[in-house]
There are 2 protein chains.
Amino acid sequence: MPMQTPVPLSPASPRSENTSSAHDKVYRGLRIRIMHGELPPAHALTLRGIGREFDVSMTPAREAVQRLVAEGALFMSSSGRVATPELSNERIEELAALRALLEVELASRALPRAHMALIERLQTINGTIAEAVAHKDAVAYIRTNLEFHRTLYLRAQAPAMLAMCETVWLQLGPTMRALYGRLQRTELPHFHRAIVAALHAGDEPGLRLAVRSDVTQGLKLLAG
Amino acid sequence: MPMQTPVPLSPASPRSENTSSAHDKVYRGLRIRIMHGELPPAHALTLRGIGREFDVSMTPAREAVQRLVAEGALFMSSSGRVATPELSNERIEELAALRALLEVELASRALPRAHMALIERLQTINGTIAEAVAHKDAVAYIRTNLEFHRTLYLRAQAPAMLAMCETVWLQLGPTMRALYGRLQRTELPHFHRAIVAALHAGDEPGLRLAVRSDVTQGLKLLAG
DNA sequence: GCAGCAAAAACGTGATCACAAATGCCCATG
DNA sequence: CATGGGCATTTGTGATCACGTTTTTGCTGC
(Lines give C-alpha, C1' and ligand atoms only; values in the text may rest on other atoms or scores of the structure.)
Protein backbone atom coordinates (compact mmCIF):
# COMPACT_ATOMS: atom_id res chain seq x y z
CA MET A 1 0.00 0.00 0.00
CA PRO A 2 2.23 2.72 -1.28
CA MET A 3 0.27 5.65 -0.09
CA GLN A 4 1.66 8.56 -1.94
CA THR A 5 0.06 11.37 -0.05
CA PRO A 6 1.56 12.00 3.38
CA VAL A 7 -1.72 10.81 4.84
CA PRO A 8 -3.03 13.94 6.54
CA LEU A 9 -3.94 12.32 9.79
CA SER A 10 -5.61 15.36 11.28
CA PRO A 11 -6.47 17.74 8.49
CA ALA A 12 -9.92 18.32 9.84
CA SER A 13 -8.57 19.70 13.07
CA PRO A 14 -10.67 22.83 12.91
CA ARG A 15 -8.15 25.01 14.74
CA SER A 16 -11.32 25.39 16.72
CA GLU A 17 -10.97 28.45 18.89
CA ASN A 18 -8.00 30.65 19.52
CA THR A 19 -5.97 27.47 19.69
CA SER A 20 -2.73 28.64 18.24
CA SER A 21 -0.38 26.52 16.22
CA ALA A 22 0.87 23.16 17.32
CA HIS A 23 4.44 24.27 17.81
CA ASP A 24 3.24 27.04 20.07
CA LYS A 25 1.31 24.59 22.18
CA VAL A 26 4.41 22.44 22.54
CA TYR A 27 6.54 25.49 23.25
CA ARG A 28 4.29 26.77 25.98
CA GLY A 29 3.92 23.37 27.55
CA LEU A 30 7.63 22.71 27.69
CA ARG A 31 8.41 26.23 28.79
CA ILE A 32 6.11 26.05 31.78
CA ARG A 33 7.43 22.65 32.73
CA ILE A 34 10.99 23.89 32.65
CA MET A 35 10.40 27.22 34.35
CA HIS A 36 8.42 25.66 37.16
CA GLY A 37 11.08 23.13 37.88
CA GLU A 38 9.21 20.02 36.82
CA LEU A 39 12.34 18.76 35.08
CA PRO A 40 15.62 18.10 36.89
CA PRO A 41 18.92 19.38 35.50
CA ALA A 42 20.50 17.39 32.69
CA HIS A 43 17.16 15.78 31.84
CA ALA A 44 17.32 14.57 28.24
CA LEU A 45 14.54 15.11 25.76
CA THR A 46 13.97 13.70 22.29
CA LEU A 47 12.03 15.22 19.45
CA ARG A 48 10.10 12.05 18.82
CA GLY A 49 9.31 11.75 22.50
CA ILE A 50 8.06 15.30 22.68
CA GLY A 51 6.00 14.78 19.56
CA ARG A 52 4.46 11.65 21.02
CA GLU A 53 3.68 13.39 24.28
CA PHE A 54 2.02 16.39 22.70
CA ASP A 55 0.53 14.33 19.90
CA VAL A 56 2.25 16.22 17.11
CA SER A 57 4.87 15.30 14.56
CA MET A 58 8.55 16.06 14.81
CA THR A 59 8.32 19.36 12.99
CA PRO A 60 6.49 21.38 15.64
CA ALA A 61 8.53 19.68 18.33
CA ARG A 62 11.69 20.77 16.61
CA GLU A 63 10.57 24.36 16.38
CA ALA A 64 9.60 24.49 20.03
CA VAL A 65 12.89 22.96 21.07
CA GLN A 66 14.84 25.33 18.88
CA ARG A 67 13.12 28.25 20.51
CA LEU A 68 13.80 26.98 23.99
CA VAL A 69 17.44 26.40 23.11
CA ALA A 70 17.65 29.97 21.88
CA GLU A 71 16.31 31.17 25.21
CA GLY A 72 18.76 29.07 27.16
CA ALA A 73 16.02 26.89 28.61
CA LEU A 74 17.52 23.82 26.98
CA PHE A 75 21.02 22.91 26.03
CA MET A 76 21.86 21.29 22.73
CA SER A 77 24.88 19.05 22.45
CA SER A 78 27.04 18.98 19.36
CA SER A 79 25.16 15.95 18.12
CA GLY A 80 21.85 17.76 18.38
CA ARG A 81 20.62 16.08 21.52
CA VAL A 82 18.78 18.40 23.84
CA ALA A 83 18.58 18.37 27.60
CA THR A 84 17.87 20.72 30.46
CA PRO A 85 21.02 22.61 31.42
CA GLU A 86 23.27 21.69 34.30
CA LEU A 87 24.61 25.05 35.28
CA SER A 88 28.08 25.66 36.61
CA ASN A 89 28.49 27.65 39.79
CA GLU A 90 29.82 30.64 37.88
CA ARG A 91 26.79 30.53 35.64
CA ILE A 92 24.43 30.36 38.58
CA GLU A 93 26.10 33.32 40.23
CA GLU A 94 25.94 35.28 37.02
CA LEU A 95 22.27 34.53 36.53
CA ALA A 96 21.59 35.50 40.12
CA ALA A 97 23.36 38.80 39.52
CA LEU A 98 21.26 39.25 36.41
CA ARG A 99 18.11 38.58 38.39
CA ALA A 100 19.16 41.11 40.98
CA LEU A 101 19.95 43.70 38.35
CA LEU A 102 16.71 43.29 36.42
CA GLU A 103 14.31 42.65 39.25
CA VAL A 104 15.53 45.51 41.41
CA GLU A 105 14.92 47.80 38.48
CA LEU A 106 11.51 46.30 37.78
CA ALA A 107 10.46 46.56 41.40
CA SER A 108 11.68 50.12 41.54
CA ARG A 109 9.60 50.99 38.50
CA ALA A 110 6.58 49.22 39.90
CA LEU A 111 6.75 51.00 43.23
CA PRO A 112 5.09 54.28 42.22
CA ARG A 113 2.33 52.34 40.50
CA ALA A 114 1.69 49.91 43.36
CA HIS A 115 -1.64 50.49 45.02
CA MET A 116 -3.51 48.66 47.73
CA ALA A 117 -5.12 46.01 45.56
CA LEU A 118 -1.73 44.91 44.30
CA ILE A 119 -0.29 44.64 47.79
CA GLU A 120 -3.23 42.58 48.95
CA ARG A 121 -2.83 40.30 46.00
CA LEU A 122 0.83 39.82 46.81
CA GLN A 123 -0.07 38.91 50.37
CA THR A 124 -2.56 36.34 49.09
CA ILE A 125 0.14 34.81 46.92
CA ASN A 126 2.42 34.72 49.93
CA GLY A 127 -0.19 32.65 51.69
CA THR A 128 -0.27 30.22 48.79
CA ILE A 129 3.50 29.96 48.94
CA ALA A 130 3.28 29.04 52.60
CA GLU A 131 0.86 26.27 51.68
CA ALA A 132 3.25 24.93 49.07
CA VAL A 133 6.04 24.93 51.63
CA ALA A 134 3.84 23.12 54.11
CA HIS A 135 2.99 20.47 51.51
CA LYS A 136 6.65 20.19 50.51
CA ASP A 137 5.55 20.74 46.93
CA ALA A 138 8.59 22.04 45.07
CA VAL A 139 6.80 22.76 41.80
CA ALA A 140 3.97 24.64 43.50
CA TYR A 141 6.52 26.60 45.52
CA ILE A 142 8.50 27.67 42.48
CA ARG A 143 5.38 28.48 40.50
CA THR A 144 3.77 30.65 43.16
CA ASN A 145 7.07 32.28 44.01
CA LEU A 146 7.48 33.35 40.39
CA GLU A 147 3.87 34.44 40.34
CA PHE A 148 4.61 36.73 43.27
CA HIS A 149 7.46 38.38 41.42
CA ARG A 150 5.66 38.57 38.10
CA THR A 151 2.59 40.12 39.69
CA LEU A 152 4.76 42.88 41.11
CA TYR A 153 6.81 43.43 37.97
CA LEU A 154 3.80 43.61 35.71
CA ARG A 155 3.11 46.97 37.29
CA ALA A 156 6.44 48.26 36.03
CA GLN A 157 4.97 48.50 32.52
CA ALA A 158 8.23 47.25 31.05
CA PRO A 159 7.46 44.23 28.88
CA ALA A 160 10.92 43.83 27.38
CA MET A 161 12.53 43.89 30.79
CA LEU A 162 10.03 41.42 32.16
CA ALA A 163 10.61 39.14 29.20
CA MET A 164 14.34 39.13 29.87
CA CYS A 165 13.61 38.42 33.49
CA GLU A 166 11.49 35.44 32.60
CA THR A 167 14.23 34.18 30.34
CA VAL A 168 16.53 34.11 33.34
CA TRP A 169 13.90 32.30 35.38
CA LEU A 170 13.60 29.81 32.58
CA GLN A 171 17.31 29.12 32.59
CA LEU A 172 17.24 28.64 36.34
CA GLY A 173 14.16 26.41 36.41
CA PRO A 174 15.79 22.99 36.70
CA THR A 175 18.45 24.37 39.01
CA MET A 176 15.82 25.81 41.32
CA ARG A 177 14.18 22.43 41.51
CA ALA A 178 17.47 20.89 42.55
CA LEU A 179 17.94 23.70 45.03
CA TYR A 180 14.57 23.05 46.62
CA GLY A 181 15.33 19.38 46.86
CA ARG A 182 18.59 20.10 48.63
CA LEU A 183 17.01 22.18 51.37
CA GLN A 184 13.80 20.28 51.67
CA ARG A 185 12.42 22.18 54.63
CA THR A 186 12.40 25.86 53.70
CA GLU A 187 11.20 28.59 55.92
CA LEU A 188 8.44 30.64 54.41
CA PRO A 189 9.97 33.45 52.36
CA HIS A 190 10.39 36.24 54.88
CA PHE A 191 11.97 38.50 52.25
CA HIS A 192 8.60 38.56 50.56
CA ARG A 193 7.19 40.16 53.67
CA ALA A 194 9.93 42.74 53.52
CA ILE A 195 9.04 43.47 49.90
CA VAL A 196 5.39 43.93 50.79
CA ALA A 197 6.30 46.14 53.74
CA ALA A 198 8.56 48.32 51.59
CA LEU A 199 5.82 48.64 49.00
CA HIS A 200 3.39 49.69 51.70
CA ALA A 201 5.78 52.27 53.09
CA GLY A 202 6.81 53.55 49.68
CA ASP A 203 10.39 52.87 50.73
CA GLU A 204 12.38 52.53 47.53
CA PRO A 205 15.82 51.77 49.00
CA GLY A 206 14.22 49.22 51.28
CA LEU A 207 12.38 47.67 48.34
CA ARG A 208 15.55 47.41 46.30
CA LEU A 209 17.38 45.77 49.15
CA ALA A 210 14.54 43.37 49.88
CA VAL A 211 14.23 42.27 46.24
CA ARG A 212 17.96 41.88 45.90
CA SER A 213 18.11 39.82 49.06
CA ASP A 214 15.19 37.62 48.05
CA VAL A 215 16.67 36.94 44.65
CA THR A 216 20.19 36.32 45.86
CA GLN A 217 19.25 34.36 48.96
CA GLY A 218 18.52 30.91 47.63
CA LEU A 219 20.95 30.86 44.77
CA LYS A 220 23.85 31.83 47.01
CA LEU A 221 23.87 28.68 49.04
CA LEU A 222 23.49 26.51 45.99
CA ALA A 223 26.53 27.97 44.32
CA GLY A 224 28.52 28.22 47.54
CA MET B 1 6.27 9.50 -12.50
CA PRO B 2 5.28 8.85 -8.94
CA MET B 3 8.62 9.19 -7.34
CA GLN B 4 8.14 7.90 -3.88
CA THR B 5 11.39 8.95 -2.36
CA PRO B 6 11.61 12.66 -1.60
CA VAL B 7 14.44 12.87 -4.12
CA PRO B 8 17.42 13.69 -1.89
CA LEU B 9 18.83 16.47 -3.95
CA SER B 10 21.97 16.96 -1.93
CA PRO B 11 22.52 13.90 0.16
CA ALA B 12 26.18 13.81 -0.67
CA SER B 13 26.81 17.13 0.99
CA PRO B 14 29.75 15.91 2.98
CA ARG B 15 29.26 18.25 5.95
CA SER B 16 32.84 18.77 4.98
CA GLU B 17 34.61 20.53 7.79
CA ASN B 18 33.27 22.07 10.95
CA THR B 19 30.48 23.46 8.83
CA SER B 20 27.63 23.33 11.24
CA SER B 21 24.08 22.56 10.29
CA ALA B 22 22.19 24.38 7.63
CA HIS B 23 19.76 26.04 9.97
CA ASP B 24 22.67 27.41 11.97
CA LYS B 25 24.19 28.91 8.86
CA VAL B 26 20.91 30.60 8.07
CA TYR B 27 20.49 31.72 11.65
CA ARG B 28 23.92 33.29 11.86
CA GLY B 29 23.59 34.97 8.51
CA LEU B 30 20.24 36.52 9.31
CA ARG B 31 21.29 37.46 12.81
CA ILE B 32 24.31 39.40 11.64
CA ARG B 33 22.30 41.12 8.96
CA ILE B 34 19.70 42.22 11.47
CA MET B 35 22.07 43.21 14.25
CA HIS B 36 24.26 45.24 11.93
CA GLY B 37 21.32 47.15 10.57
CA GLU B 38 21.37 45.81 7.03
CA LEU B 39 17.59 45.49 7.13
CA PRO B 40 15.24 48.43 7.68
CA PRO B 41 12.39 48.20 10.19
CA ALA B 42 9.24 46.40 9.07
CA HIS B 43 11.15 44.57 6.35
CA ALA B 44 9.20 41.44 5.46
CA LEU B 45 10.83 38.06 5.00
CA THR B 46 9.46 34.81 3.62
CA LEU B 47 10.58 31.32 4.42
CA ARG B 48 10.86 30.35 0.79
CA GLY B 49 12.79 33.50 0.04
CA ILE B 50 15.23 32.83 2.86
CA GLY B 51 15.60 29.26 1.73
CA ARG B 52 16.30 30.37 -1.82
CA GLU B 53 18.84 32.91 -0.65
CA PHE B 54 20.75 30.52 1.58
CA ASP B 55 20.18 27.60 -0.78
CA VAL B 56 18.37 25.44 1.72
CA SER B 57 14.86 24.14 2.01
CA MET B 58 12.11 25.63 4.10
CA THR B 59 12.83 23.53 7.14
CA PRO B 60 16.14 25.10 8.19
CA ALA B 61 14.80 28.51 7.26
CA ARG B 62 11.87 27.98 9.55
CA GLU B 63 14.06 26.96 12.45
CA ALA B 64 16.31 29.95 12.04
CA VAL B 65 13.35 32.30 11.83
CA GLN B 66 11.75 30.74 14.87
CA ARG B 67 14.90 31.30 16.83
CA LEU B 68 15.17 34.90 15.77
CA VAL B 69 11.54 35.48 16.66
CA ALA B 70 12.20 34.05 20.08
CA GLU B 71 15.05 36.49 20.55
CA GLY B 72 12.95 39.42 19.45
CA ALA B 73 15.02 39.99 16.33
CA LEU B 74 11.99 39.35 14.14
CA PHE B 75 8.33 39.87 14.69
CA MET B 76 5.76 37.28 13.66
CA SER B 77 2.25 38.35 12.80
CA SER B 78 -0.75 36.27 13.74
CA SER B 79 -0.76 34.78 10.27
CA GLY B 80 2.83 33.64 10.62
CA ARG B 81 4.38 36.29 8.46
CA VAL B 82 7.73 37.49 9.75
CA ALA B 83 9.32 40.90 9.47
CA THR B 84 11.87 43.03 11.25
CA PRO B 85 10.25 44.87 14.15
CA GLU B 86 9.08 48.45 14.01
CA LEU B 87 9.55 49.50 17.58
CA SER B 88 7.32 51.93 19.40
CA ASN B 89 8.89 54.81 21.25
CA GLU B 90 8.14 53.21 24.60
CA ARG B 91 9.82 50.05 23.45
CA ILE B 92 12.88 51.92 22.28
CA GLU B 93 13.18 53.76 25.57
CA GLU B 94 12.82 50.51 27.45
CA LEU B 95 15.47 48.79 25.40
CA ALA B 96 17.76 51.77 25.88
CA ALA B 97 17.23 51.51 29.64
CA LEU B 98 18.02 47.82 29.39
CA ARG B 99 21.20 48.57 27.49
CA ALA B 100 22.19 51.08 30.12
CA LEU B 101 21.49 48.67 32.94
CA LEU B 102 23.37 45.75 31.41
CA GLU B 103 26.25 47.56 29.79
CA VAL B 104 27.06 49.71 32.80
CA GLU B 105 27.31 46.53 34.83
CA LEU B 106 29.41 44.79 32.18
CA ALA B 107 31.76 47.72 31.87
CA SER B 108 32.09 47.92 35.62
CA ARG B 109 33.01 44.27 35.77
CA ALA B 110 35.47 44.64 32.93
CA LEU B 111 37.23 47.61 34.50
CA PRO B 112 39.46 45.73 36.96
CA ARG B 113 40.47 43.34 34.18
CA ALA B 114 41.20 46.00 31.59
CA HIS B 115 44.86 46.30 30.81
CA MET B 116 46.82 48.31 28.28
CA ALA B 117 46.41 45.99 25.31
CA LEU B 118 42.64 46.18 25.63
CA ILE B 119 42.62 49.96 25.78
CA GLU B 120 44.82 50.16 22.71
CA ARG B 121 42.55 47.82 20.87
CA LEU B 122 39.56 49.94 21.77
CA GLN B 123 41.32 53.00 20.44
CA THR B 124 42.03 51.19 17.20
CA ILE B 125 38.34 50.32 16.87
CA ASN B 126 37.51 53.94 17.53
CA GLY B 127 39.63 54.84 14.54
CA THR B 128 37.72 52.38 12.39
CA ILE B 129 34.46 53.92 13.57
CA ALA B 130 35.70 57.32 12.49
CA GLU B 131 36.40 55.89 9.04
CA ALA B 132 32.89 54.48 8.82
CA VAL B 133 31.47 57.86 9.76
CA ALA B 134 33.63 59.55 7.14
CA HIS B 135 32.39 57.12 4.49
CA LYS B 136 28.80 57.54 5.67
CA ASP B 137 28.60 53.75 5.90
CA ALA B 138 25.78 53.02 8.33
CA VAL B 139 26.33 49.27 8.46
CA ALA B 140 30.05 49.63 9.07
CA TYR B 141 29.37 52.20 11.74
CA ILE B 142 26.93 49.99 13.61
CA ARG B 143 29.15 46.96 13.26
CA THR B 144 32.30 48.59 14.54
CA ASN B 145 30.41 50.40 17.27
CA LEU B 146 29.08 47.10 18.57
CA GLU B 147 32.55 45.63 18.21
CA PHE B 148 33.85 48.37 20.49
CA HIS B 149 31.34 47.51 23.17
CA ARG B 150 31.70 43.78 22.81
CA THR B 151 35.47 43.97 23.03
CA LEU B 152 35.16 45.77 26.33
CA TYR B 153 32.44 43.57 27.75
CA LEU B 154 34.22 40.35 26.88
CA ARG B 155 36.62 41.22 29.67
CA ALA B 156 33.79 41.11 32.16
CA GLN B 157 33.80 37.31 31.99
CA ALA B 158 30.02 37.26 32.12
CA PRO B 159 28.75 35.30 29.12
CA ALA B 160 25.10 35.21 30.13
CA MET B 161 25.03 38.94 30.65
CA LEU B 162 26.77 39.55 27.36
CA ALA B 163 24.33 37.28 25.59
CA MET B 164 21.40 39.26 26.95
CA CYS B 165 23.12 42.42 25.88
CA GLU B 166 23.52 41.13 22.34
CA THR B 167 19.87 40.17 22.31
CA VAL B 168 19.02 43.79 23.00
CA TRP B 169 21.36 44.90 20.23
CA LEU B 170 19.63 42.47 17.93
CA GLN B 171 16.24 43.91 18.70
CA LEU B 172 17.54 47.40 18.08
CA GLY B 173 19.36 46.58 14.84
CA PRO B 174 16.83 47.80 12.27
CA THR B 175 15.96 50.76 14.46
CA MET B 176 19.59 51.78 14.70
CA ARG B 177 19.83 51.72 10.94
CA ALA B 178 16.85 54.04 10.73
CA LEU B 179 18.43 56.23 13.39
CA TYR B 180 21.64 56.53 11.44
CA GLY B 181 19.72 57.44 8.34
CA ARG B 182 17.90 60.19 10.18
CA LEU B 183 21.02 61.90 11.42
CA GLN B 184 23.21 61.20 8.44
CA ARG B 185 26.18 63.25 9.53
CA THR B 186 27.19 61.97 12.95
CA GLU B 187 30.05 63.34 14.93
CA LEU B 188 32.56 60.72 15.85
CA PRO B 189 31.53 59.08 19.10
CA HIS B 190 33.14 61.25 21.74
CA PHE B 191 31.63 59.17 24.54
CA HIS B 192 33.88 56.36 23.38
CA ARG B 193 36.84 58.56 24.18
CA ALA B 194 35.39 59.16 27.63
CA ILE B 195 35.06 55.40 28.11
CA VAL B 196 38.66 54.85 27.12
CA ALA B 197 39.80 57.69 29.40
CA ALA B 198 37.88 56.30 32.35
CA LEU B 199 39.35 52.86 31.73
CA HIS B 200 42.81 54.36 31.65
CA ALA B 201 42.25 56.26 34.89
CA GLY B 202 40.56 53.34 36.61
CA ASP B 203 37.66 55.68 37.28
CA GLU B 204 34.64 53.48 37.85
CA PRO B 205 31.98 56.17 38.39
CA GLY B 206 33.26 57.96 35.33
CA LEU B 207 33.15 54.74 33.32
CA ARG B 208 29.59 54.02 34.38
CA LEU B 209 28.51 57.50 33.42
CA ALA B 210 30.32 57.39 30.09
CA VAL B 211 28.81 54.03 29.12
CA ARG B 212 25.35 55.10 30.19
CA SER B 213 25.68 58.29 28.19
CA ASP B 214 26.98 56.54 25.10
CA VAL B 215 24.20 54.00 25.17
CA THR B 216 21.43 56.47 25.87
CA GLN B 217 22.68 59.21 23.56
CA GLY B 218 21.54 58.10 20.16
CA LEU B 219 18.37 56.32 21.15
CA LYS B 220 17.09 59.35 23.06
CA LEU B 221 16.70 61.58 20.06
CA LEU B 222 15.09 58.84 18.03
CA ALA B 223 12.40 58.26 20.60
CA GLY B 224 12.01 61.94 21.40
C1' DG C 1 32.91 -11.37 35.84
C1' DC C 2 34.34 -7.76 32.87
C1' DA C 3 35.98 -5.31 28.90
C1' DG C 4 35.35 -4.43 24.21
C1' DC C 5 33.34 -4.70 19.83
C1' DA C 6 29.60 -5.31 16.51
C1' DA C 7 24.81 -5.19 15.41
C1' DA C 8 20.61 -2.72 16.04
C1' DA C 9 17.66 0.62 17.52
C1' DA C 10 16.91 5.48 17.97
C1' DC C 11 17.90 10.10 16.92
C1' DG C 12 18.49 14.67 14.47
C1' DT C 13 18.59 16.76 9.94
C1' DG C 14 16.88 18.35 5.85
C1' DA C 15 13.78 17.85 1.83
C1' DT C 16 9.31 17.42 -0.06
C1' DC C 17 4.32 17.53 -0.22
C1' DA C 18 -0.64 18.53 0.71
C1' DC C 19 -3.56 21.81 2.56
C1' DA C 20 -5.73 25.97 4.42
C1' DA C 21 -5.44 30.62 4.97
C1' DA C 22 -3.94 34.95 3.63
C1' DT C 23 -2.40 38.17 0.22
C1' DG C 24 -2.49 40.42 -4.10
C1' DC C 25 -4.49 41.23 -8.57
C1' DC C 26 -7.73 42.10 -11.97
C1' DC C 27 -11.84 43.11 -13.85
C1' DA C 28 -16.51 44.37 -13.52
C1' DT C 29 -19.66 47.60 -11.51
C1' DG C 30 -21.39 51.93 -9.52
C1' DC D 1 -12.28 57.09 -11.92
C1' DA D 2 -12.79 54.83 -7.59
C1' DT D 3 -14.34 50.56 -5.28
C1' DG D 4 -15.61 45.97 -4.20
C1' DG D 5 -15.79 41.06 -5.01
C1' DG D 6 -13.86 36.89 -6.73
C1' DC D 7 -10.03 34.24 -8.47
C1' DA D 8 -5.06 32.99 -8.78
C1' DT D 9 -0.85 33.03 -6.39
C1' DT D 10 1.85 32.97 -2.48
C1' DT D 11 2.74 31.78 2.21
C1' DG D 12 3.02 29.23 6.64
C1' DT D 13 2.01 24.76 8.77
C1' DG D 14 2.46 20.17 9.82
C1' DA D 15 3.35 15.37 8.38
C1' DT D 16 6.26 12.06 6.42
C1' DC D 17 10.45 10.05 4.64
C1' DA D 18 15.39 8.93 3.65
C1' DC D 19 19.86 9.24 5.31
C1' DG D 20 23.99 9.57 8.21
C1' DT D 21 25.31 9.63 12.86
C1' DT D 22 25.07 8.61 17.55
C1' DT D 23 23.76 5.89 21.32
C1' DT D 24 22.41 1.76 23.35
C1' DT D 25 22.21 -3.17 23.46
C1' DG D 26 23.85 -7.63 23.49
C1' DC D 27 27.13 -10.94 22.71
C1' DT D 28 31.62 -12.83 22.45
C1' DG D 29 36.15 -13.61 24.09
C1' DC D 30 39.50 -13.05 27.59
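Residue numbers start from 1 in every chain, and the chains themselves are labelled A, B, ... in the order their sequence lines are given, proteins ahead of strands.
Remark: B:R177 pairs with no residue by the salt bridge (Lys or Arg N to Asp or Glu O under 4.0 Å) rule, at least two apart or across chains.
Heavy-atom distances under 4.0 Å link DNA chain D to A:S79, A:R81 of residues 73-85 of chain A, given in residue order. Listed by residue number, the members of residues 49-56 of chain A with any heavy atom below 4.0 angstrom from DNA chain D are A:V56. Of all the residues in residues 57-72 of chain B, B:M58, B:R62 reach under 4.0 Å from DNA chain D with at least one non-hydrogen atom.
Between the side chain of A:H135 and the main chain of A:V133, no donor-acceptor pair closer than 3.5 Å is present. In this structure, B:T167 contributes its side chain and B:E71 its backbone to no donor-acceptor pair below 3.5 Å. The main-chain N or O of A:S213 is never found under 3.5 Å from a side-chain atom of A:T216 such that the two would form a donor-acceptor pair.
Every pair passing salt bridge (charged side-chain N to carboxylate O under 4.0 Å, His left out) that includes a residue from residues 154-171 of chain B is listed here, sequence neighbours excluded: B:R31-B:E166, B:R150-B:E166. Under the salt bridge (charged side-chain N to carboxylate O under 4.0 Å, His left out) criterion, the residue pairs touching residues 41-60 of chain B are B:R33-B:E53, with sequence neighbours excluded.
Residues B:E63 and B:Y27 bring no donor and acceptor atom of their side chains to less than 3.5 Å of each other.
Per the geometry, CZ belonging to A:R48 stands 13 Å off C1' belonging to C:dG14, to the nearest Å. In this structure, the CG atom of B:L47 is 12 Å from the P atom of D:dG14, given to the nearest Å.
Residues B:R67 and B:D24 are paired through a salt bridge, judged by an N-O separation under 4.0 Å between the basic side chain and the carboxylate. Between A:R143 and A:E147 there is no salt bridge, since none of the side-chain N atoms of the basic residue sits less than 4.0 Å from a carboxylate O of the acidic one.
Interatomic distance, B:I195 CD1 to B:H149 NE2, rounded to the nearest 0.5 Å: 5.5 Å.
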